[in-house]
Amino acid sequence: MSAEDAEIVLLPGDGIGPEVGAAAVRLLEALGGTHVTEHPIGGASIDAHGTALTDEVLAACRAADAVLLCAVGGPKWDTTDPDAPRPEQGLLGLRKGMGLFANLRPVRPSAALLDASPLKRDRIEGTDLLVVRELTGGIYFGDSGRDGERAHDDCAYTVEEVTRIGRVAFSAAASRPGGDTGAAKVTSVDKANVLETSRLWRETVESVAADEFAEIPLEHLLVDNAAMQLVSRPADFDVILTENLFGDILSDEAAMLTGSLGMLPSASLGKDGPGLFEPVHGSAPDIAGQGMANPLATFLSVALMLRHGLERHQGAARVEQAVDAVLERGLRTADLSGGDGTREVGTDEMTEAVLAAL
Ligand code: IPM
Ligand code: MG
């Protein structure tokens, strides 16, 4: 390790997390310039410490240059008891504790996977979109509770929260290549026909656009309509800006456009301080420990970490190109449907192929 090495906290978590985490460590070693420290999170932390996120682990994450999280959760810790610890609290605690209000989920199906998408090739071709999800507000962090036969989860947003995530989306659109009009557009998704938070959201997004980003095209979609448009004309979207819960749902839908949830990376960023990078997929307990997990979403999350967290743009591009290259060569993990000229491989062989292609 050298003094200039970036300090990475790795949180492998649960299920397939440790397997794809170990693959990520090999990738980071091959790239050089980082020093990795591992800590438990989620179910693993509940087993060891009785809580999904300890103060020590949160402090280590805050002190790092970047955090790589693999996956949390599993049937072992599933419960509806409101007083029992849940693995997801580790992730939510990190998001809040590190101030990670902006979640970026780029969806760009690899050319080699176009036929793995559940959509027909001509629908999916040209899809290159970014979901910008608000991550520390809304119903995820509102007051919630149970009172006998009644339960509630409150949803609240402030102008400040919407403004700062709006700026992230417009800035991202400004730095993306555009479509027909030459400028990438922002599609803001809400439920303004029903929800007061959505009306505040829409008004605030309008005013950020008018005051600061007048050159960026802006449209609004209701979330139910957006869910439908996303599968009927995915290539028409550039940047999708939305609140926490809608972003959770739409990003899984958007991820599947790429053929598998096993392909999608994400970056969670705050105002300053380290970012958190994680695959969008979950802990996949059904295939854990079998050496068949797809490590590519984690590798692509490492690429986002290099780009957004460590300003190592060349390294990021190397990882992305290596992933594309192994897919071009026909290597597929079990989650990616095969076809002519493809060969099914496990986590290790996929990892080795990416390292060789770097
Ligand atoms: C995600 C996940 C999390 C979320 C869960 C694990 C709490 O689904 O990152 O999309 O709902 O935000
Ligand atoms: Mg989700």
Side-chain angles (χ1 to χ4, degrees), residues 11-18 20-21 40-46 51-53 57-58 61 67-80 82 84-107 129-142 144 153 155 157 161 165 189 223 226-227 230 240-258 260-270 275-286 288 293-294 297-298 300-301 304-305 308 335:
L11 306 172
D14 310 317
I16 59 170
V20 295
I41 185 130
S45 177
I46 292 175
T51 169
L53 174 67
V57 172
L58 176 58
C61 290
V67 179
L68 184 66
L69 184 146
C70 299
V72 293
K76 180 174 176 195
W77 306 279
D78 266 349
T79 167
T80 55
R86 299 185 55 87
E88 293 77 9
Q89 288 163 344
L91 181 55
L92 299 178
L94 272 181
R95 288 174 180 170
K96 200 65 169 179
M98 295 172 71
L100 305 170
F101 66 87
N103 184 228
L104 312 182
R105 298 185 165 181
V107 179
L129 63 87
L130 174 70
V131 179
V132 176
R133 168 186 175 194
E134 201 291 325
L135 205 58
T136 50
I139 201 166
Y140 273 64
F141 292 97
S144 69
D153 297 278
C155 182
Y157 267 108
E161 286 171 322
I165 192 70
V189 174
V223 63
L230 203 49
I240 296 177
L241 162 64
T242 193
E243 61 96 72
N244 207 343
L245 182 63
F246 299 159
D248 178 46
I249 298 166
L250 291 181
S251 61
D252 267 30
E253 188 190 1
M256 199 57 210
L257 301 174
T258 64
S260 169
L261 202 49
M263 290 302 302
L264 213 74
S266 82
S268 302
L269 308 171
L276 180 138
F277 303 85
E278 54 170 325
V280 172
H281 65 67
S283 59
D286 52 324
N294 183 351
T298 306
L300 294 171
S301 299
L304 290 184
M305 180 173 96
H308 296 285
D335 54 300

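For ligands, and for the atoms within them, numbers begin at 1 and follow the listed sequence. Keep in mind the model is a prediction, meaning the values are calculated, not measured.
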- Task: Verify, without hydrogens or angle tests, whether D153 (side chain) and S144 (backbone) share a donor-acceptor contact under 3.5 angstrom.
- Result: no

- Between CG of L104 and OG of S266, what distance do you get to the nearest 0.5 Å? 8.0 Å

- Query: Against heavy atoms of R133, which atoms of ligand 1 measure under 4.0 Å?
  - Reply: 1 (C), 4 (C), 9 (O), 10 (O), 11 (O), 12 (O)

- So how far is it from M263 CE to L300 CG, rounded to the nearest 0.5 Å? 5.5 Å

- Message: For R86, which part has a heavy atom under 4.0 Å from ligand 1: side chain, backbone, both, or neither?
- Response: neither

- Message: The test is side-chain contact (heavy atoms from CB on, under 4.5 Å); show your working for L53 and C61 and say whether it passes.
- Response: CA-CA 11 Å; L53 174 67; C61 290; 5.8 Å; no

- Task: Check each heavy atom of H281 against ligand 1 and say whether those closer than 4.0 Å belong to the side chain, the backbone, both or neither.
- Result: neither

- Tell me, which protein residue and heavy-atom name are nearest atom 11 (O) of ligand 1, and how many Å apart are they? Y140 OH, 2.5 Å

- Closest non-hydrogen contact found for L264 with A255 is CD2-CB, 3.5 Å

- Message: Check whether S283 reaches the backbone of G73 with its side chain - one donor and one acceptor, N or O, closer than 3.5 Å.
- Response: yes

- What protein heavy atom sits nearest atom 10 (O) of ligand 1, and how far off is it? D248 OD1, 2.9 Å

- Query: Pairs in or reaching into residues 94-106: which pass side chain to side chain donor-acceptor pair (under 3.5 Å), with residues at least two apart or in two chains?
  - Reply: R95-E278, N103-R105, N103-S268, R105-S251

- Do any nitrogen or oxygen atoms of R105 lie less than 3.5 angstrom from nitrogen or oxygen atoms of ligand 1? yes

- Task: Show all protein N/O/S atoms under 2.8 Å from the Mg ion (ligand 2), or state that there are none.
- Result: D248 OD1

- Message: Using a 3.5 Å distance criterion without hydrogens, assess whether the side chain of T242 forms a donor-acceptor pair with backbone atoms of V189.
- Response: yes

- Message: Please confirm whether Q89 approaches ligand 1 to less than 4.0 Å, judged on its heavy atoms.
- Response: no

- Task: Locate the shortest heavy-atom distance separating L91 from I41; write the atom from each residue and the value.
- Result: N-CD1, 4.4 Å

- Note on the structure: For L261 and M256 the tightest heavy-atom approach is N-SD, 4.3 Å

- Query: Using a heavy-atom cut-off of under 4.0 Å, does the side chain or the backbone of R95 touch ligand 1, or both, or neither?
  - Reply: side chain

